[in-house]
There are 2 protein chains.
Amino acid sequence: MAGREGLRPGGRSARVQASVHGAVQALMTRMERGDITIPVIAAEAGVTPSTIYRRWGDIQELLADVAVERLKPDMEPVATGNGREDLLAWAEQYAEEMSSKPGREMIRDVLAAQDGSGAYQCCNFTKQQIEVIAERAKGRGEAFPDVDAIMDRVVSPIMYRILFGEAPDAAHVARLVSGAMELISPALVGEPA
Amino acid sequence: MAGREGLRPGGRSARVQASVHGAVQALMTRMERGDITIPVIAAEAGVTPSTIYRRWGDIQELLADVAVERLKPDMEPVATGNGREDLLAWAEQYAEEMSSKPGREMIRDVLAAQDGSGAYQCCNFTKQQIEVIAERAKGRGEAFPDVDAIMDRVVSPIMYRILFGEAPDAAHVARLVSGAMELISPALVGEPA
DNA sequence: GGCATAAAAGCAAATAATTTGCGTTTATGC
DNA sequence: GCATAAACGCAAATTATTTGCTTTTATGCC
């Protein structure tokens, strides 16, 4: 990712980065994505365009950088008392957030960047959330599938449908969660009460 | 999709479209994606840049248009004699093609376009291929999962990993296929011989 | 704390891409 | 064939991007 940690976190650079990120987010709320250009962002941020070109290279890298930051989860998955319900609640919220217009735009921005590290980071954010749910379940003595299995059976289908077709509805998400939980007790796991 | 069927399929327009598509594909084999601009494409195609701007709007729409065309399957899935092996063979080839550098670039191009119809088309190409496998299996009296189930259990995880992480290896694809086939005879389906 | 160093930002000129108005070519339907 | 309008070409105007150079300011060292 361009323009992120690694170079000069000190005063001015950090201020410029924050200002540019803020400008992008502000502009997104009031114009179409196609009208947001680097000169426009620079004006909003009170910065000269060449600063943005030199730090981020092009607008796709900048938008991806902002999107990754916004996709970083800001809280732990809600705890309901058992792993299956935790996963279901998390998956429903995830599907809804990612299906929304801003959600889809952020994913698109992340994937459109040349630098693939943003997508990798987003995937890790998701894994970490699931890890929390899995650890909680195991701490209570429940069996819970591998994180990778949840990625394959729950996260991937949700994301695929958002990217390539129509967003999944709640019933479909519930079916995906059931399908994933079958990995624990293949025959015994029925529908939730 | 811009510049495609619907407007004037007749002589000159078709010739321009073909020429531009050909120029894009030719340029992709000999330069970096970042160096391919509309003026460069126009020169290669022997066309004036404003023609491209007017027909496709911007380079992302054009690249998406070309990518969709290239992602259209050019043959039926190979027939091995049973549905499970057909699916496995198809999935392995799909994963390999989509993981390759050109494959990943085409997917990225399709997803980066504003116009979401390209992604939808690609999803349908895949569904049609799976439909062929499913119909063949059913024609032989075999049970076979729904196309949508295959999309969720096999296609989605492959695509997710390509887009967000590392490409899946053959063993993983095989596991995905096994997981999907379990939907038919939950307890009885073992590993392939 | 002050000073040397170099990273990052600003500024402005040069280059390149995009848009647009208008004239010309050429599919398409009658 | 002929009228019509879509699509293209051309060139001027606008806008975005790159680049060389100067100035500001973090950062590390004494």
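Chain letters run A, B, ... following the sequence lines, proteins first and then strands; every chain starts at 1. None of these values were measured; they are calculated from a predicted model.
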Legend entry - Distance, nearest 0.5 Å, that separates CE of M106(B) from CZ of R70(B): 5.0 Å

Legend entry - E92(B), CD: over 12 other non-hydrogen atoms inside 6.0 angstrom: yes

Legend entry - Within 6.0 angstrom of E96(B) CD, more than 12 heavy atoms from elsewhere: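 Atom CD in E96(B) is not crowded, with 12 or fewer foreign heavy atoms closer than 6.0 Å.
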
Inset, instruction - Indicate whether OP1 or OP2 belonging to dG10(C) is found under 4.0 Å from a side-chain N or O atom of T51(A). - result: yes

Can you tell me the distance, in whole Å, between the [atom1] atom of [X] and the [atom2] atom of [N]?
| X | N | atom1 | atom2 | result |
| --- | --- | --- | --- | --- |
| I59(A) | dA17(C) | CD1 | P | 17 Å |
| R15(B) | dT25(C) | CZ | P | 15 Å |
| D58(B) | dA17(C) | CG | C1' | 12 Å |
| Q17(A) | dA7(C) | CD | P | 18 Å |
| R55(B) | dT19(C) | CZ | C1' | 18 Å |

Legend entry - ring-ring contact (aromatic ring centres under 6.0 Å, His included) partners of F144(A), counting only residues at least two apart: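 Once residues adjacent in sequence are excluded, F144(A) has no partner under the ring-ring contact (aromatic ring centres under 6.0 Å, His included) criterion.
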
Report yes or no: does [X] contribute a side-chain atom to a donor-acceptor pair with the main-chain N or O of [Y] at less than 3.5 Å?
| X | Y | result |
| --- | --- | --- |
| E142(B) | G83(B) | yes |
| R55(B) | V16(B) | no |
| D109(B) | A67(B) | no |

Inset, instruction - Could you pull out all residues at least two apart from E166(A) that satisfy side chain to side chain contact (heavy atoms under 4.5 Å, CB included)? - result: Y120(B)

Legend entry - Donor on one side chain, acceptor on other, R33(A) and Q114(B), under 3.5 Å: no

Extract from the structure each pairing of a protein N or O with an N or O of nucleotides 21-23 of chain C at less than 3.5 Å, listing the distance.
residue : atom : partner : partner atom : Å
dG21(C) : O6   : R54(B)  : NH2          : 2.4

Inset, instruction - Residues of residues 33-44 of chain B with any non-hydrogen atom less than 4.0 angstrom from an atom of DNA chain D: list those, numerically ordered, please. - result: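 Heavy-atom contacts with DNA chain D come from no residue of residues 33-44 of chain B; none.
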
Legend entry - Nucleotide of dT26(C), dG9(D), dA26(D) approaching R12(A) most closely (side-chain heavy atoms):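 Of dT26(C), dG9(D), dA26(D), dA26(D) is nearest to the side chain of R12(A).
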
Inset, instruction - Whenever both distances are under 3.5 Å in a Watson-Crick or G-U wobble pair, mark it; put DNA chain D into dot-bracket that way, with [ ] for crossing pairs and | when the partner is on another strand. - result: ||||||||||||||||||||||||||||||

Inset, instruction - Heavy atoms only: give me the nearest I184(A)-P145(A) pair and the separation to one decimal. - result: CD1-N, 3.4 Å

Counting only pairs under 3.5 Å, give me each side-chain donor-acceptor contact of residues 154-165 of chain B, with atom names and distances, residues two or more places apart or in other chains.
residue : atom : partner : partner atom : Å
S156(B) : OG   : M151(B) : O            : 2.7
R161(B) : NH1  : D152(A) : OD1          : 2.5
R161(B) : NH1  : D152(A) : OD2          : 3.4

